[in-house]
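Quick caveat: nothing in here was measured; it's all calculated off a predicted structure.
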Amino acid sequence: MTIRVAVAGASGYAGGETLRLLAGHPEVEVGALTAHSNAGSPLGAHQPHLRSLADRVLLPTTVENLVGHDVVVLALPHGASGEIAAQLPDDVLVLDLGADHRLSSAHDWERFYGSAHAGTWPYGLPELLLTEHPGAGASETKQREKLAGARRIAVPGCNVTAVTLGIQPGVASGVVDATDVVAVLANGYSGAGKALKPHLLASEGLGSAQPYAVGGTHRHIPEITQNLRAAGAPEVRISFTPVLVPMARGILATVTAPLAAAVRDLPAPEVATQVRRAWDDAYGGEPFVQLLPEGQWPGTAMTLGANTALVQVAVDHAAGRVVTVTALDNLVKGTAGAAVQSMNIALGLPQAAGLTTEGVAP
């Protein structure tokens with residue numbers, strides 16, 4: 001079985017990382033590569049590390065250049081995917097790495113993105129917990145069941161993936177209160193894309209940590225809220241603060257929430273046991289989301305180049321809060337790896353085809 005895959009936006013970080021993974025996928029043949037301002041130039045001028053594809057010439061991003069493939073990956077700026085996707089045949093699997101089709105609420109889209117909502121597609125986070133009645137013994141399914149056979153998939157935001165995977169087991173199990181979630185993330189610069197902006201220059205970023213989108217303005221907030229509601233939270237309030245730190249890749253997300261009333265007054269050892277069991281139950285057997293052994297904390301270097309999210313959880317008994325730390329590579333599990341993993345599920349391939357859990361060190 002050979003799957004022909006076209007990538008629109010191949011000269012950007014997300015498109016390039018998708019191509020890196022597809023080039024090693026045993027079932028994939030890389031088809032058309034397209035770009036906007038870089039059309040007409042060789043891919044190697046923009047992605048010199050992709051040696052097997054370096055001589056390929058980038059075509060203009062048009063529907064005509066994307067049709068005729070089994071899969072089309074849209075690694076385009078927010079707001080640019082909807083029009084193109086609407087013109088692609090229904091039997092083509094389209095993976096949108098942008099935000100255009102992630103949100104179910106048109107109101108939230110218009111509020112945070114300022115344009116018309118393009119519609120809602122199946123959400124490409126296979127490990128997302130779907131829980132109607134949170135608490136002990138709650139019946140849970142996972143989003144991967146909705147991806148099998150899908151022909152349109154919205155790939156999650158990288159920050160969203162880190163926060164969701166970090167705290168959702170506590171929400172689904174009923175051990176945390178989702179009305180006071182606090183998330184602070186250390187983000188690598190590749191998450192901001194290749195745009196030439198003064199604050200993204202090395203002379204500005206090296207040796208400095210810079211917060212951005214502070215005070216409830218980040219566009220990933222409604223997506224995180226949507227996910228935690230899917231995990232069973234009747235109400236979600238989140239304070240979300242991302243911080244750029246001087247590294248090319250990676251997200252380290254520290255997420256805390258109060259202990260739920262049902263467990264707050266239990267003896268400390270029992271609380272700790274219940275909390276850890278919730279995370280262990282959620283991710284036991286998952287190939288790409290792993291709860292680390294007690295006492296070992298994740299770092300971004302542990303996930304570089306891999307489709308893994310590494311998670312640790314602890315209870316701050318004095319503060320009455322659960323603390324989780326999640327590390328992932330924003331370009332792999334946060335973007336391109338999630339796309340390939342979702343593609344595999346949608347097409348009935350082994351989930352791990354073309355993906356690895358082995359990082360790159362040092």
Side-chain angles (χ1 to χ4, degrees), residues 1-35 43-44 46-54 56 58 66 69-76 81 92-98 124-127 144 147 150 153-158 161-162 165 188 190-191 193-194 248-251 286-290 300 302-310 327-361:
M1 178 181 181
T2 300
I3 302 159
R4 295 193 73 241
V5 183
V7 177
S11 60
Y13 286 141
E17 190 69 0
T18 303
L19 285 172
R20 183 179 74 86
L21 299 177
L22 292 176
H25 195 296
E27 307 293 343
V28 164
E29 174 189 335
V30 176
L33 307 181
T34 79
L43 180 70
H46 312 282
Q47 312 285 10
H49 60 297
L50 301 178
R51 300 315 306 161
S52 66
L53 301 168
R56 298 282 293 277
L58 295 170
L66 297 174
H69 296 81
D70 302 302
V71 179
V72 174
V73 178
L74 300 176
L76 303 175
S81 298
V92 174
L93 172 56
V94 183
L95 302 162
D96 186 2
L97 274 56
L125 182 57
E127 302 89 357
R144 65 168 47 86
L147 298 178
I153 295 176
V155 178
C158 53
T161 297
L165 295 177
S190 61
K194 284 189 174 181
R249 291 174 177 246
I251 295 175
E286 284 290 346
F288 297 120
V289 184
Q290 299 171 7
T300 56
M302 300 160 68
T303 66
L304 294 185
N307 195 50
T308 46
L310 302 181
L328 54 78
D329 185 326
N330 58 294
L331 291 178
V332 190
K333 185 56 177 166
T335 307
V340 172
Q341 185 182 351
S342 297
M343 178 192 78
N344 289 337
I345 295 169
L347 297 177
L349 299 172
Q351 183 178 202
L355 299 170
T356 182
T357 58
E358 312 302 334
V360 177

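Using a 4.5 Å cut-off on side-chain heavy atoms (C-beta onward), Leu74 and Val94 make contact. The shortest side-chain heavy-atom distance between Leu50 and Arg56 does not fall under the 4.5 Å cut-off.
Here the CG atom belonging to Leu33 is positioned 11.0 Å from the NE2 atom belonging to His46, to the nearest 0.5 angstrom.
When the options Leu355, Val5, Leu95, Val71 are evaluated for a side-chain contact (heavy atoms from CB on, under 4.5 Å) with Val340, the one that passes is Leu355.
Residue pairs meeting the salt bridge (Lys or Arg N to Asp or Glu O under 4.0 Å) criterion with at least one member in residues 2-15, sequence neighbours excluded: Arg4-Glu29.
Checking side-chain atoms of Asn330 against main-chain N and O of Gly250 turns up a donor-acceptor pair under 3.5 Å. Although no hydrogens or angles enter the test, the distance criterion places no donor-acceptor pair under 3.5 Å between the side chain of Thr308 and the main chain of Leu310. Judged by distance alone, the side chain of Thr303 and the main-chain N or O of Ala309 form no donor-acceptor pair under 3.5 Å. Judged purely by atom type and a 3.5 angstrom limit, His25 uses its side chain to pair as donor or acceptor with the backbone of Glu27. A distance-only check finds no donor-acceptor pair linking the side chain of Lys333 to the backbone of Thr161 [under 3.5 Å]. With Asn344 contributing its side chain and Ala353 its backbone, the two residues share a donor-acceptor pair below 3.5 Å. Between the Gln47 side chain and the Tyr13 main chain, no donor and acceptor come within less than 3.5 Å of each other.
In summary, the side chains of Gln341 and Glu127 do present a donor paired with an acceptor at a separation below 3.5 Å, with no hydrogens or angles considered.
Looking at every heavy atom in both residues, Val332 comes nearest to Leu21 through CG1-CD1, 4.4 Å. In this structure, Leu147 and Ser342 approach most closely via the heavy-atom pair CD1-OG, 3.8 Å.
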